[in-house]
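Just so we're on the same page: letters track the sequence lines, and every chain starts at 1. From a predicted model like this one, the values you see are computed outputs, not experimental measurements. We use all heavy atoms of the structure for the numbers below, so side chains are in, but hydrogens, waters and symmetry mates are not.
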Amino acid sequence: MEFPENEKRSLNFIETIIEEDLRNNKNEGRIHLRFPPEPNGYLHIGHAKSICLNFGLAEDYNGLCNLRFDDTNPEKEDIEYVDSIKEDIEWLGFKWDKKPYYASDYFEQLYQWAEMLIEQGKAYVDEQPQELISQQRGVPTRPGTESPYRNRPVAESLDLFRRMRAGDFKNGQMILRAKIDMSSPNMHMRDPIMYRILHQEHHRTGNAWCIYPMYDYAHGQSDYIEGITHSVCTLEFEIHRPLYDWFLDQIADGGYRPRQIEFARLNLSYTVMSKRKLLELVQKGIVVGWDDPRMPTISGLRRRGYTPESLRNFAERIGVAKRDNVIDVGLLEFTLREHLNKITDRVMVVLNPVKVIITNYPEGKTEKMWLVNNPENAESESHEVPFGRELYIEREDFMEDPPKKFFRLGPGQEVRLKGAYIIKCDDYKKDENGNVVEIYCTCDLNSRSGAEGAQRKVKGTLHWVSAEQSIDAEVRLYDRLFLDEDPAGHKETDFKEFINPDSLQVISQAKAEPWLQRAQPGDKFQFQRMGYFCADKDSKPGHLVFNRTVTLRDNWSKSNS
RNA sequence: UGCCUGAUGGUGUAACUGGCAACACGUCUGACUCUGAAUCAGAAGAGUCUAGGUUCGACCCCUAGUCAGGCAACCA
């Protein structure tokens, strides 16, 4: 362990199990986990929790973690998802052991074990229609009834099973079932299905197979093949555990044995997490794709401007337990800001510009101001920001008739321009519609940043940009996608009813300082006083596009509302 | 009416397996500030689902309840 002995750190329940196994030298002291996504969709932040857990445990205990694709259902799976999943895991900063593994690599072994079970009288081919089988399964409170094919001769089942593989039957005509207990109080033990016929091309095995193993049969055996010691999954598989163990009992030799451990999945307030709902948002065009910056997918968060560090830190802070939980999105935003604050360069961008004219500043004159890139970083360099007679400031930083605690610009009020001069508002001009179009100020020429005259206390500091030398940028202001804390939690109301109509606001002509011209897609900045922003992949030379990742904390507007 | 699991401030996670409930986010003060950010200092907020029991002592052990989630796909 990386923690010094005197520094007591509390363990979560999985770490407790692992440390106990280590003490008992279980599985010869090996620690081997796995992350087993089904390649049928994009990974979301809930998966990120699981990824951080599994790979993180492997790192902490000097073990290994496999990436294994649970690709046993070719009807839903695709190579596109395989690629995106690998990309997301690598982006999060984790390395899987050796190559990615696939359950489909074990199809032959799984098949052989299935034949073995048939020969031992522990599995049989059933040829009843689906409806009948599910009917016979019974209900949780009442035992099921046995299939008439349950005790057919071994040789018959074996022959049928081989013909299933050979393609002699249509989809649904035959299935292979484990012979366990039709009266078990656990529905999963009532002769669960091991194999079904699927005449369907598989993205990796092509047309080599027309029968595919079910999850319950494939998963534990795959764990066994790979030498997994701790098979961590979410709570809904808890009831599958007896079956996981039953299948293992058939092949384990008594020495090594993997163990399934379940934990509570992540729920986030103001967010939907189910693949089905996320897919619906994409298909109905409510968002622009799986990587829409409003999506809780890893690709969406990445495009939004989240950093892997912030996500890993988030996963660390939420902990792991077995009770249902709902994490406040605010915590996610906290870990995001925490990291972005440390790493981003500060720039000035005026989102909603209004012109300021400094009447006592010479026409045509330009000065170069220097602003520190990141005051949080002692080694940070500075960059140049042009200043001139005509500037833009944020429209909301001026009020014709400001309230007492308005530390910004208003008639007669003084304000500091970040990194430049202190100015005072003398007058302003409105258009025929009553909108302020120009603000006239005088500037204290002795107050240039760094000079003696700059030492005065001034209540407010504004960001600004040169009217002449600023560049245009498109800025996409994202807000949470849902207005309700638990959009999927209302039985009577569809989750889409809670969609925030203002989750995206596009500003086509924000005014940015020229230094930002160099921004490349993915680059992150703090727009001074406005929030953290990230250059979008739509950004091109000459047409900058920025996504608002998250606003700055804002106690002022909070206390004013 | 069955089976599995869970229950600790607003939220999440702890409490060395029995020694008078801690940490983080959030909230509220105040300081500082050329970002109403960050930073710093401080405060409020639970007596651990309920009722019994064991014990000098219970969040922790026992009993009985209550409430919540999950389980009846040829999905994973």
Side-chain angles (χ1 to χ4, degrees), chain A residues 8-12 16 36-38 40 70-73 75-77 126 129-130 133-135 137-144 171-177 184-190 193-198 211-212 214-216 218-219 233-242 262 264 269 275 316-328 330-335 337-338 341-342 346 348 371 375-376 405-408 415-420 422 447 449-450 454-463 526-531 551-560:
Chain A
K8 240 182 297 170
R9 168 181 167 273
S10 61
L11 305 175
N12 64 47
T16 305
E38 183 189 13
N40 71 340
D70 232 330
D71 55 350
T72 56
N73 185 0
E75 288 185 329
K76 293 184 176 173
E77 296 150 6
D126 199 344
Q130 190 173 160
I133 289 175
S134 92
Q135 203 177 303
R137 200 162 3 237
V139 292
T141 51
R142 226 183 285 284
N171 287 1
Q173 207 178 331
M174 303 273 165
I175 55 164
L176 182 71
R177 291 228 253 172
S184 169
N186 182 342
M187 299 295 288
H188 296 277
M189 300 299 273
R190 321 246 260 226
I193 293 169
M194 293 172 64
Y195 272 93
R196 76 286 213 192
I197 299 171
L198 243 37
I211 56 172
Y212 292 93
M214 300 288 290
Y215 166 84
D216 285 304
H219 198 88
C233 62
T234 44
L235 246 30
E236 67 266 31
F237 294 103
E238 205 157 30
I239 196 131
H240 294 240
R241 191 172 357 115
E262 312 85 11
S269 62
K275 277 186 189 173
E316 186 64 38
R317 290 192 196 221
I318 59 177
V320 185
K322 296 193 76 163
R323 66 185 88 104
D324 291 336
N325 62 84
V326 182
I327 309 288
D328 189 342
L331 182 62
L332 179 61
E333 293 176 346
F334 170 81
T335 60
R337 290 190 183 104
E338 183 182 44
N341 176 48
K342 285 189 204 129
R346 271 60 171 170
M348 295 198 285
L371 273 88
E376 299 289 321
K405 287 263 198 156
F406 187 74
F407 298 159
R408 307 181 189 183
V415 95
R416 186 191 302 275
L417 295 177
K418 179 83 185 173
I422 295 168
S447 68
S449 201
Q455 307 296 22
R456 305 159 39 199
K457 293 248 181 281
V458 182
K459 31 195 168 187
T461 301
L462 306 186
H463 63 285
Q526 186 198 93
F527 288 7
Q528 206 97 220
R529 301 208 306 137
M530 295 283 100
T551 59
L552 253 31
R553 261 185 76 196
D554 188 358
N555 290 321
W556 184 71
S557 72
K558 209 182 291 176
S559 63
N560 276 272

Taking atom [atom1] in both [N] and [M], compute the distance separating them and give it to the nearest angstrom.
N	M	atom1	result
U55(B)	U13(B)	C1'	29 Å
A14(B)	U39(B)	P	26 Å
A46(B)	G10(B)	C1'	11 Å
G12(B)	G26(B)	P	16 Å
A68(B)	U50(B)	C1'	15 Å
C28(B)	G70(B)	P	34 Å
A15(B)	G30(B)	C1'	32 Å
G45(B)	U27(B)	C1'	9 Å

* Structure fact -> R317(A) has its side chain closest, among C74(B), U35(B), A24(B), to A24(B)
* Looking only at side-chain atoms of M187(A), point me to the closest of G12(B), A76(B), C71(B). => C71(B)
* Asked: Are any of the side-chain nitrogens in K322(A) or E238(A) under 4.0 Å away from the carboxylate oxygens of its partner?
  -> yes
Without decimals, in angstroms, what is the distance between [X] [atom1] and [N] [atom2]?
X	N	atom1	atom2	result
L332(A)	G12(B)	CG	P	15 Å
N325(A)	G12(B)	CG	P	6 Å
E333(A)	G26(B)	CD	P	10 Å
D324(A)	G6(B)	CG	P	11 Å
L331(A)	G10(B)	CG	P	17 Å
E236(A)	C71(B)	CD	P	8 Å
K322(A)	U13(B)	NZ	C1'	17 Å
D216(A)	C71(B)	CG	P	13 Å

Mind checking [X] for me? I need base, sugar-phosphate or nothing, with any heavy atom below 4.0 Å counting as a touch.
X	result
Y215(A)	base
F237(A)	base
M530(A)	nothing
N73(A)	sugar-phosphate
K457(A)	sugar-phosphate
R416(A)	base
H188(A)	sugar-phosphate
V458(A)	nothing
E38(A)	sugar-phosphate
N171(A)	nothing
I318(A)	sugar-phosphate
T72(A)	sugar-phosphate
I239(A)	base
E238(A)	sugar-phosphate

* Which comes earlier along RNA chain B counting from the 5' end, the contact point of A264(A) or that of I197(A), where each point is its nearest nucleotide? -> A264(A)
Any donor-acceptor pair under 3.5 Å linking the side chain of [X] with the backbone of [Y]?
X	Y	value
R416(A)	A454(A)	yes
T234(A)	E236(A)	no
D328(A)	L331(A)	no

Counting just side-chain N and O atoms, does [X] come under 4.0 Å of either OP1 or OP2 of [N]?
X	N	value
R241(A)	U5(B)	no
R142(A)	C3(B)	no
R323(A)	A7(B)	yes

* To do: Can you label the angle between the F406(A) ring and the W556(A) ring as parallel, tilted or perpendicular, going by 30° and 60°?
  => tilted
* Structure fact -> Separation between CZ (R346(A)) and CG (L371(A)), nearest 0.5 Å, reads 11.5 Å
* To do: Could you pull out the closest heavy-atom pair between V326(A) and S269(A), with the gap in Å?
  => CG1-N, 3.9 Å
* Asked: Between V139(A) and R190(A), which heavy-atom pair has the shortest distance, and what is it?
  -> O-NH2, 2.7 Å
Report all interatomic pairs (protein N or O, nucleotide N or O of nucleotides 36-38 of chain B) with separations under 3.5 Å.
from: G36(B); atom 1: OP1; to: R529(A); atom 2: NH1; distance (Å): 3.4
from: G36(B); atom 1: OP2; to: T461(A); atom 2: O; distance (Å): 3.4
from: G36(B); atom 1: O2'; to: W556(A); atom 2: N; distance (Å): 3.4
from: G36(B); atom 1: N7; to: R408(A); atom 2: NE; distance (Å): 3.3
from: G36(B); atom 1: N7; to: R408(A); atom 2: NH2; distance (Å): 3.1
from: G36(B); atom 1: O6; to: F407(A); atom 2: N; distance (Å): 2.8
from: G36(B); atom 1: O6; to: R408(A); atom 2: NE; distance (Å): 3.4
from: G36(B); atom 1: N1; to: K405(A); atom 2: O; distance (Å): 3.0
from: G36(B); atom 1: N1; to: W556(A); atom 2: NE1; distance (Å): 2.8
from: G36(B); atom 1: N2; to: W556(A); atom 2: NE1; distance (Å): 3.2
from: A37(B); atom 1: OP1; to: N555(A); atom 2: ND2; distance (Å): 3.0
from: A38(B); atom 1: OP1; to: R553(A); atom 2: NH1; distance (Å): 3.0
from: A38(B); atom 1: O2'; to: N341(A); atom 2: ND2; distance (Å): 3.2
from: A38(B); atom 1: O2'; to: E376(A); atom 2: OE1; distance (Å): 3.3
from: A38(B); atom 1: O2'; to: E376(A); atom 2: OE2; distance (Å): 3.2

* Run the numbers on I327(A) and L332(A) for side-chain contact (heavy atoms from CB on, under 4.5 Å), then give the verdict. => CA-CA 8 Å; I327(A) 309 288; L332(A) 179 61; over 6 Å; no
* Structure fact -> By side chain to side chain donor-acceptor pair (under 3.5 Å), K342(A) pairs with (sequence neighbours left out) none
* Structure fact -> Per the O4'-C1'-N9-C4 / O4'-C1'-N1-C2 angle with a 90° window around 0, U27(B) comes out anti
* Chi-based syn or anti call at G47(B), which uses purine or pyrimidine torsion atoms and a 90° bound -> syn
* Determine the stems involving RNA chain B; a stem requires 3 or more consecutive pairs of the Watson-Crick or G-U wobble kind, each with both distances below 3.5 Å, and the answer is none if no such run exists. => B:2-7 with B:66-71, B:10-13 with B:22-25, B:27-31 with B:39-43, B:49-53 with B:61-65
* To do: Assess whether atom CD of E316(A) is packed by more than 12 heavy atoms of other residues, nucleotides or ligands within 6.0 Å.
  => no
* Note, D70(A) side chain near Y215(A) side chain (heavy atom, < 4.5 Å) -> yes
* Structure fact -> From the list E75(A), E77(A), K76(A), K275(A), side-chain hydrogen bond (donor to acceptor under 3.5 Å, both in side chains) with N40(A) holds only for K275(A)
